[in-house]
Amino acid sequence: MTYPIDAVDAVGAVGRLRIMAAGVRGARVVERVLPAPVEEVWALMSDLEGEFGRFQPDMRRVRVLRMTGDRVEALARSKYGLRAHFRGVLRPGWCWLQSRFLIIGMAAAPEPGGGTRVALTGGVRVPGRAAIVPLGTAAELADALNRLEARLGLGETA
């Protein structure tokens with residue numbers, strides 16, 4: 001099933017990300033409005049095998065193993081050599097991926113008056129619990145948004 005980016009549900013993709021993060025102890029959500037169309041922003045954000053590793057500070061590469069509808073399974077390698085086997089959901093404007101040790105959440109929605117509101121959450125997961133180690137997460141998420149802006153040609157370097 002295909003979902004329009006601006007009509008995923010009544011709460012919206014960014015609202016849903018806030019709700020999901022609120023249920024994960026230590027999770028932070030970083031948001032920014034980018035002066036670009038939501039389709040352009042989400043095309044870059046949702047390109048897990050291409051652009052995702054270029055704007056996520058600690059990701060080197062991601063390989064999608066399987067996509068069934070909006071369900072995704074992927075292997076990722078960090079710039080530190082660590083590996084993660086993610087499972088989750090990827091649909092227009094929304095992505096939630098979890099591995100044993102990591103959580104990644106991304107959302108994008110049209111902003112009234114123009115542009116795209118982007119929200120990111122994630123971090124190192126405490127195994128077996130709904131918790132993230134909060135050290136440095138907000139700064140890393142802000143860095144990811146800076147890199148995303150640059151990849152879109154909105155920042156100083158692309």
Side-chain angles (χ1 to χ4, degrees), residues 1-32 34 36-110 116-133 136-137 140-141 143-145 147-152 158:
M1 176 175 272
T2 302
Y3 301 90
I5 290 176
D6 60 348
V8 173
D9 57 38
V11 177
V14 172
R16 184 184 323 153
L17 188 76
R18 291 181 195 132
I19 291 167
M20 293 284 288
V24 178
R25 191 171 56 196
R28 306 287 185 265
V29 175
V30 175
E31 296 181 29
R32 188 173 301 164
L34 303 179
V38 68
E39 295 80 10
E40 180 182 337
V41 173
W42 190 250
L44 193 141
M45 291 176 72
S46 64
D47 180 7
L48 297 179
E49 291 187 325
E51 291 294 330
F52 181 77
R54 293 185 177 105
F55 77 86
Q56 284 292 335
D58 64 344
M59 286 292 158
R60 179 176 294 161
R61 72 174 170 252
V62 176
R63 183 169 52 102
V64 174
L65 301 175
R66 189 172 299 114
M67 288 276 309
T68 306
D70 63 1
R71 303 293 173 182
V72 65
E73 182 179 352
L75 291 177
R77 182 179 292 269
S78 78
K79 68 180 183 181
Y80 306 109
L82 303 173
R83 297 178 189 181
H85 185 174
F86 287 106
R87 288 185 173 88
V89 175
L90 176 65
R91 62 177 61 129
W94 172 258
C95 181
W96 188 270
L97 300 172
Q98 292 185 171
S99 75
R100 184 172 177 204
F101 296 108
L102 295 172
I103 293 175
I104 295 171
M106 305 186 296
T116 300
R117 179 168 296 274
V118 173
L120 301 175
T121 192
V124 177
R125 183 176 179 201
V126 178
R129 298 179 60 201
I132 290 179
V133 178
T137 2
E140 186 171 304
L141 295 169
D143 186 27
L145 283 177
R147 290 169 174 243
L148 178 61
E149 276 187 307
R151 296 302 300 165
L152 288 162

Undergrad: Could I get the full list of salt bridge (Lys or Arg N to Asp or Glu O under 4.0 Å) partners for R77, not counting sequence neighbours?
TA: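 Partners of R77 under the salt bridge (Lys or Arg N to Asp or Glu O under 4.0 Å) test: none.
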Undergrad: Report the distance from atom CD of E39 to atom OG1 of T116, rounding to the nearest 0.5 Å.
TA: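 So the CD of E39 and the OG1 of T116 are separated by 7.5 Å.
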Undergrad: Taking all non-hydrogen atoms of both residues into account, name the closest pair between V72 and L48 and its distance.
TA: CG2-CD1, 4.2 Å
Undergrad: Please indicate whether R32 has more than 12 foreign heavy atoms, meaning atoms of other residues, nucleotides or ligands, lying under 6.0 Å from its CZ.
TA: yes
Undergrad: Is there a side-chain contact between L75 and R83 (heavy atoms, below 4.5 Å)?
TA: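 Not touching, per the 4.5 Å side-chain cut-off.
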Undergrad: Does some side-chain heavy atom of E140 sit less than 4.5 Å from a side-chain heavy atom of D58?
TA: yes
Undergrad: Calculate, to the nearest 0.5 Å, the distance between atoms CG and CE belonging to L141 and M106 respectively.
TA: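 Taking CG in L141 and CE in M106, the distance rounds to 11.5 Å.
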Undergrad: Atom CZ in F52, atom CZ in R151: separation rounded to 0.5 Å?
TA: 13.5 Å
Undergrad: Determine whether L120 and M45 make a side-chain contact, defined as any pair of heavy atoms from C-beta on separated by less than 4.5 Å.
TA: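 Yes, their side chains come closer than 4.5 Å.
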Undergrad: Say you draw a straight line from CG of L152 to CZ of R147; how long is it, rounded to the nearest 0.5 Å?
TA: 14.0 Å
Undergrad: Does a side-chain heavy-atom distance below 4.5 Å link M59 with I104?
TA: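 Yes, close enough: below the 4.5 Å cut-off.
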Undergrad: Table please: side-chain donor-acceptor pairs of residues 96-103 below 3.5 Å, with sequence neighbours left out.
TA:
residue: W96; atom: NE1; partner: Q98; partner atom: OE1; Å: 3.0
residue: S99; atom: OG; partner: F101; partner atom: N; Å: 3.2
residue: S99; atom: OG; partner: L102; partner atom: N; Å: 3.0

